[in-house]
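In what follows, every chain begins at residue 1, and chains take the letters A, B, ... in the order their sequences are listed.
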There are 2 protein chains.
Amino acid sequence: MNTKESEMQQQIMQAAEELIMDRGFDATSTTDIARKVGCNQALVHYYFRTKENLFQQIFVKNIDAVLEFLDAYQFEGSVEDIVKKIVEAYFSVLSQHRKLPFIFVSQLLSNDDRRMFVRDYIVENERRRRVYYRFDGVVQRAVASGQIRPIKTLDLFMNIVSLIIFTFVSLPMYMDWLRKDEQEVQAYLQERQEEIVRSIVYSLRPL
Amino acid sequence: MNTKESEMQQQIMQAAEELIMDRGFDATSTTDIARKVGCNQALVHYYFRTKENLFQQIFVKNIDAVLEFLDAYQFEGSVEDIVKKIVEAYFSVLSQHRKLPFIFVSQLLSNDDRRMFVRDYIVENERRRRVYYRFDGVVQRAVASGQIRPIKTLDLFMNIVSLIIFTFVSLPMYMDWLRKDEQEVQAYLQERQEEIVRSIVYSLRPL
DNA sequence: ATTTAATTTAATAGACTTATTAAACCTCCG
DNA sequence: CGGAGGTTTAATAAGTCTATTAAATTAAAT
């Protein structure tokens with residue numbers, strides 16, 4: 001039992017991640033994963049025992065990546081600067097992995113156990129919650145100093161996340177319904193990013 | 001072949017709608033539907049032939065309901081009034097059917113055919129598109145008159161929808177992770193509704 | 001009352017799923 | 001060389017799912 005993951009194990013996880021991110025958890029069978037890797041289906045179970053377990057490992061990996069990303073910011077500067085940085089950061093990641101928000105959300109909604117699993121992983125963990133607390137501090141100081149209008153941190157957080165997430169979640173509709181090609185989508189995402197920053201920042205102007 | 005749907009057919013559709021709205025399309029089997037109604041599983045196929053067909057009928061019913069709802073507004077008054085009305089309207093419907101936004105979105109994302117089906121149903125239909133055009137007129141007039149800052153109608157539309165939809169989509173996380181009971185959720189939704197209106201309206205203030 | 005038509009059921013085909021088991025295949029160490 | 005252990009495979013159990021078929025039942029109509 002190596003502590004190092006074998007080559008094959010990584011390949012399987014990689015393939016599984018791509019397939020799940022592309023088609024969702026339920027629509028991805030262990031047979032699909034094996035076919036993509038080019039190995040036997042039983043091998044997926046040999047390394048991960050259950051499909052659920054495989055999913056959780058992928059999930060945790062992605063959560064860690066996002067948290068680390070956010071944590072890297074020292075949250076310096078004005079709220080405006082921070083909002084801009086957060087939006088930029090999310091957009092740069094999600095532009096590469098457009099379906100991630102949807103998969104993330106859908107898996108958390110359809111399955112109570114997984115929701116609890118994430119709660120234990122993030123919310124119940126002091127170190128991981130720190131990211132939010134730091135943000136809270138910055139926002140409430142800005143409110144107190146009159147730099148921005150009064151707003152609850154949770155509301156501001158929800159606003160930011162809503163606008164970002166939904167942009168990507170609705171992207172397939174934008175493309176198909178308005179018949180946009182890849183180039184137009186790129187431009188749209190860029191404009192949308194700027195507009196989101198504007199909308200948030202403007203909505204925070206003192207009365 | 002009656003033009004009027006039989007009693008049983010309606011029961012099946014009703015049961016299917018409830019189950020699908022609660023658990024999603026994939027997680028709802030025709031057997032589940034039949035069990036809920038108390039009839040034989042084959043009867044579901046007798047009336048609707050395929051599960052996909054059953055789903056589409058439910059989908060169209062809900063789309064029509066939403067569009068009719070929005071169309072009922074004459075879009076009079078300031079942009080501020082209209083935004084407030086739209087948000088209120090959505091919240092009043094979605095509070096009763098909290099999972100609707102998620103089911104709606106997830107079904108549109110996971111299945112290309114369904115996305116095309118909706119495109120043909122809404123986007124390609126002049127009468128149904130009218131709702132959006134009317135909104136566009138109001139917004140651009142308000143921009144031209146300097147009543148609100150310059151903004152594309154699509155951006156404003158996306159902002160409104162994002163904030164509303166994501167509130168409901170993330171509700172299960174809010175409840176489980178922050179351990180909120182039903183009463184607290186009610187209050188949260190009320191506050192969130194007001195905050196969304198505030199955020200939108202403030203974000204539109206002229207520079 | 002008998003025939004016709006619509007509804008409902010039981011049974012089942014056929015295709016997938018996840019997961020397990022035992023056997024085969026390597027690779028490396030003594 | 002020979003066995004030991006980790007790796008990979010084929011085979012398959014046991015379950016799910018949609019959809020179809022033919023038979024049974026009910027209702028309506030002449």
Side-chain angles (χ1 to χ4, degrees), chain A residues 1-60 103 106-107 109-114 117, chain B residues 1-60 103 106-107 109-114 117:
Chain A
M1 211 176 285
N2 290 334
T3 79
K4 260 276 173 272
E5 291 164 354
S6 79
E7 178 72 18
M8 187 49 101
Q9 186 170 1
Q10 287 185 336
Q11 272 188 60
I12 291 172
M13 195 151 157
Q14 176 68 23
E17 179 166 355
E18 285 171 21
L19 286 173
I20 289 175
M21 291 304 170
D22 192 46
R23 298 139 61 150
F25 181 75
D26 294 331
T28 303
S29 69
T30 51
T31 312
D32 292 332
I33 297 167
R35 192 179 306 126
K36 175 154 184 161
V37 175
C39 71
N40 190 280
Q41 177 261 348
L43 203 57
V44 178
H45 291 274
Y46 171 73
Y47 280 116
F48 297 93
R49 204 168 55 74
T50 66
K51 191 184 156 188
E52 181 65 31
N53 186 43
L54 170 55
F55 177 75
Q56 287 196 351
Q57 293 197 30
I58 293 173
F59 212 90
V60 164
I103 299 299
S106 71
Q107 294 315 317
L109 282 180
S110 58
N111 192 313
D112 294 356
D113 292 337
R114 261 176 239 156
F117 167 72
Chain B
M1 212 175 284
N2 291 330
T3 80
K4 261 268 171 284
E5 289 165 356
S6 78
E7 177 71 18
M8 185 50 100
Q9 187 171 0
Q10 287 185 338
Q11 272 188 60
I12 290 172
M13 195 152 157
Q14 175 67 24
E17 179 167 356
E18 285 170 23
L19 286 174
I20 289 175
M21 290 304 170
D22 193 46
R23 299 138 60 153
F25 181 75
D26 294 333
T28 303
S29 68
T30 51
T31 312
D32 292 332
I33 297 167
R35 192 181 304 123
K36 175 153 183 161
V37 175
C39 71
N40 190 281
Q41 177 259 351
L43 203 57
V44 178
H45 291 275
Y46 171 72
Y47 280 116
F48 297 92
R49 203 170 53 78
T50 67
K51 192 183 157 192
E52 181 64 29
N53 187 43
L54 170 57
F55 176 75
Q56 287 195 350
Q57 293 197 29
I58 294 172
F59 212 90
V60 165
I103 299 298
S106 71
Q107 294 313 318
L109 282 180
S110 59
N111 191 314
D112 294 355
D113 293 337
R114 261 177 237 154
F117 167 72

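Residues of residues 27-45 of chain B having a heavy atom closer than 4.0 Å to DNA chain C, listed by number: B:C39, B:N40, B:A42, B:L43. In the region residues 47-60 of chain A, proximity to DNA chain C at under 4.0 angstrom, judged on heavy atoms, holds for A:T50, A:K51.
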Once Watson-Crick and G-U wobble pairs under 3.5 Å are found, how is DNA chain D written in dot-bracket notation, 5' to 3', with | for any base paired to another strand? ||||.|||||||||||||||||||||||||
What N/O pairs connect the protein and nucleotides 24-28 of chain C at under 3.5 Å? Give each pair on its own line.
none

Review item, nucleotides 22-24 of chain D N/O atoms under 3.5 Å of protein N/O:
none

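Note: CD1 (A:I12) to C1' (D:dT8) measures 10 Å, nearest angstrom. Between A:Q11 atom CD and D:dT7 atom P there is a gap of 14 Å when expressed in whole angstrom units.
The side chain of B:Y46 places an N or O atom within less than 4.0 Å of a non-bridging phosphate oxygen (OP1 or OP2) of C:dT7.
Side chains of A:Q41 and A:T30: a donor-acceptor N/O pair is present below 3.5 angstrom, by distance only.
Listed here is the closest heavy atom pair of B:V37 and B:I12: CG2-CA, 3.8 Å. Nearest heavy atom pair, residue A:N53 against residue A:T50, reads N-OG1, 3.0 Å. Nearest heavy atom pair, residue B:K36 against residue B:E18, reads NZ-OE1, 2.9 Å.
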I'd like to know whether B:N111 forms a side-chain contact (heavy atoms from CB on, under 4.5 Å) with B:F117, so could you lay out the CA-CA distance, the side-chain angles of the two residues, the decisive distance to 0.1 Å, and finally the verdict. CA-CA 10 Å; B:N111 191 314; B:F117 167 72; over 6 Å; no
Could you go through B:F48 and B:M13, starting from their C-alpha distance and side-chain angles, then the distance that decides it, and tell me whether this counts as side-chain contact (heavy atoms from CB on, under 4.5 Å)? CA-CA 9 Å; B:F48 297 92; B:M13 195 152 157; 4.1 Å; yes
Test B:L54 against B:I33 for side-chain contact (heavy atoms from CB on, under 4.5 Å), laying out the working first. CA-CA 11 Å; B:L54 170 57; B:I33 297 167; 3.9 Å; yes
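A heavy-atom distance below 4.5 Å is found between the side chains of B:R23 and B:D32. In this structure, B:Y46 and B:N40 have side chains that are not in contact, with every pair of non-hydrogen atoms separated by 4.5 Å or more.
Note that the CZ atom of A:F59 and the CD atom of A:E17 stand 11.5 Å from one another [nearest 0.5 Å].
Under the salt bridge (Lys or Arg N to Asp or Glu O under 4.0 Å) criterion, the residue pairs touching residues 38-59 of chain B are B:E52-B:R114, with sequence neighbours excluded.
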